[in-house]
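Keep in mind the model is a prediction, meaning the values are calculated, not measured. First listed ligand is number 1; within each ligand, the first listed atom is number 1.
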Amino acid sequence: MGEAPAFQVDHLENGHSHGVGVKSETNNTEISVDIGDRTFVIGGNHERNTFSIGVRIHDKNSNNWFSPIVLGTGPKPSKGYSASVLKQGRILVIKRGSPCNDSIWFLEVDSPYVREQKKLLKKEVVAWSKGVRGNAEKPIVISGPSGVGKGTLISMLMKEFPSMFGFSVSHTTRSPRSMERDGVHYHFADKKVMEKEIKDGRFLEFASVHGNLYGTSIEAVEVVTDSGKRCILDIDVQGARSVRASALDAAFIFVCPPSMKELEDRLRARGTETEEQIQKRLRNAEAEIKEGKSSGIFGLMLYNDNLEECYKKLKKLLGLDGVSLVNGVEIEGINLPTEHTVSKMEDKIIVQETGKETRNKIVLDLSSLNGGAPGRTRGILVDTIKF
Ligand SMILES: Nc1nc2c(ncn2[C@@H]2O[C@H](COP(=O)(O)OP(=O)(O)O)[C@@H](O)[C@H]2O)c(=O)[nH]1
Ligand SMILES: Nc1ncnc2c1ncn2[C@@H]1O[C@H](COP(=O)(O)OP(=O)(O)O)[C@@H](O)[C@H]1O
């Protein structure tokens with residue numbers, strides 16, 4: 001691996017950097033980042049906001065210092081920082097010694113959002129966003145043939161992370177199964193009423209599946225998002241296609257069975273359908289699997305052979321691996337070490353612990369970042385390399 005050390009920053013514990021006179025007191029560490037003819041000094045206290053660290057800019061041409069307008073909620077002061085300049089006018093700022101869910105921040109200095117705000121405010125502007133592992137806030141669309149285990153996987157996720165996920169309760173014209181409750185598993189609807197509501201524009205998507213009408217009402221998704229939870233939609237491939245074309249930015253997961261024989265066995269063992277319904281579901285399954293694999297709708301694929309293994313992979317896809325619950329509080333499994341060096345290799349940031357025997361490396365994969373200031377920057381994938 002051709003690792004290019006890319007330290008573009010200087011720790012200012014000694015109070016100077018490139019001749020720029022910046023004082024830094026103990027426990028009030030600052031870090032400077034050079035971009036073009038400007039130096040951004042990040043850290044210390046914010047002039048007007050004691051809860052967020054400060055940002056100052058030094059213009060090398062005029063030798064002037066100025067304080068920009070800082071938008072968004074920034075990180076609270078920490079023991080120290082590491083930083084690296086990224087593409088799209090962003091600086092990655094790592095808080096040293098903080099848990100992973102609070103350690104990764106982005107300071108946007110020349111992103112489209114910041115440029116727009118500069119024009120509006122006619123002032124120098126920078127903006128913070130907090131880095132979020134995985135695609136934490138996006139709704140999740142799960143599709144796959146009948147009997148593959150979608151419902152089972154979703155139940156496992158909701159049971160383990162009850163405060164994190166909420167299920168989008170669809171409408172359907174099919175009859176309830178003995179264990180199903182109206183308003184919990186589905187809103188069991190009359191066909192004429194549902195068709196009228198679809199006409200009235202109350203549905204995000206709908207489709208005819210196995211001879212019945214199914215649909216996701218806009219309200220079903222809003223109920224979940226309003227409660228601050230991440231929404232899970234269990235819908236068929238046609239529905240996924242409609243969601244993909246809609247304004248809803250979602251993660252799309254397709255679940256495949258290990259074989260058609262196993263799918264048939266699971267459907268029979270579930271014992272919720274008549275023989276005729278099973279046959280219809282199996283006929284539809286072949287086309288669904290083909291479309292799921294080839295349509296380009298689904299960026300994420302899961303094979304549900306061994307249930308526990310598949311569930312683990314699902315959690316990994318959602319950036320939940322290593323998250324364990326202690327008294328209901330989510331604890332991230334990977335903490336960035338207090339003492340570390342940072343290097344950059346294309347879209348990957350490598351954080352290596354220093355001063356210890358252990359040579360663990362943590363890799364932050366930033367290749368699929370999305371979102372940004374003044375909210376959250378999502379899509380960070382975190383992995384560890386032991387050697
Ligand atoms: N398009 C769409 N499909 C849905 C919706 N709700 C459920 N489905 C899909 O309808 C199909 C049949 O669901 P269901 O009758 O619960 O049977 P099961 O998949 O065998 O458990 C599955 O593929 C579901 O993903 C919805 O709101 N919209
Ligand atoms: N990996 C697996 N191995 C064996 N049985 C499974 C597995 N995943 C799910 N099942 C079982 O298969 C049946 C169908 O699963 P279900 O979650 O209802 O599928 P879906 O919601 O995709 O229609 C259920 O009885 C479930 O317990």
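- Ring centers of His171 and Phe203: under 6.0 Å apart, within the cut-off.
- Nearest protein neighbour of atom 21 (O) of ligand 2, counting heavy atoms only, is Gly151 N, 2.9 Å.
- Which of Gly147, Ser155, Gly271, Pro257 comes nearest to atom 20 (P) of ligand 2 through a heavy atom is settled by distance: it is Gly147.
- Within 6.0 Å of CD in Glu275 there are more than 12 heavy atoms belonging to other residues, nucleotides or ligands.
- Within the 4.0 Å heavy-atom cutoff, Ile154 does not count among the residues contacting ligand 2.
- Atom 16 (P) of ligand 2 has as its closest protein heavy atom Thr152 OG1, 3.5 Å.
- At least one N/O-N/O distance between Ser170 and ligand 1 falls below 3.5 Å.
- Residue contacts with ligand 1 do not include Gly151, since none of its heavy atoms lies under 4.0 Å from the ligand.
- Counting heavy atoms under 4.0 Å from ligand 2, residue Leu153 does not touch it at all.
- At least one heavy atom of Arg281 sits closer than 4.0 Å to an atom of ligand 1.
- Environment of CZ in Phe254: crowded, with over 12 heavy atoms of neighbouring residues, nucleotides or ligands closer than 6.0 Å.
- Using 4.0 Å as the threshold, Gln238 has no heavy atom nearer than that to any atom of ligand 1.
- Of the candidates Arg177, Arg270, Glu309, Arg281, the one placing a heavy atom closest to atom 18 (O) of ligand 2 is Arg270.
- When hydrogens are left out, the protein atom nearest atom 4 (C) of ligand 2 is Arg266 NE, 3.5 Å; that is the closest non-hydrogen contact.
- Atom 19 (O) of ligand 2 has as its closest protein heavy atom Gly149 N, 3.1 Å.
- At a 4.0 Å heavy-atom cut-off, ligand 1 touches Arg177 through the side chain alone.
- Salt-bridge check for Glu273 with Lys280: failed, with every basic side-chain N at 4.0 Å or more from each acidic carboxylate O.
- Heavy atoms of Glu273 stay at 4.0 angstrom or farther from ligand 1.
- Both the backbone and the side chain of Ile235 come within 4.0 Å of ligand 1, judged by heavy-atom distances.
- Remark: distances from the non-hydrogen atoms of Lys150 to ligand 1 include one below 4.0 Å.
- Look at Gly144 and you'll find every heavy atom at least 4.0 Å from all atoms of ligand 2.
- The shortest N or O to N or O distance between Arg174 and ligand 1 is below 3.5 Å.
- Protein heavy atom nearest atom 8 (N) of ligand 2, with residue, atom name and distance: Asn304 ND2, 3.0 Å.
- The shortest separation from a heavy atom of Arg266 to ligand 1 is not under 4.0 Å, leaving the residue out of contact.
- Contact annotation for Ala269 and ligand 2: no heavy atom of the residue comes within less than 4.0 Å of the ligand.
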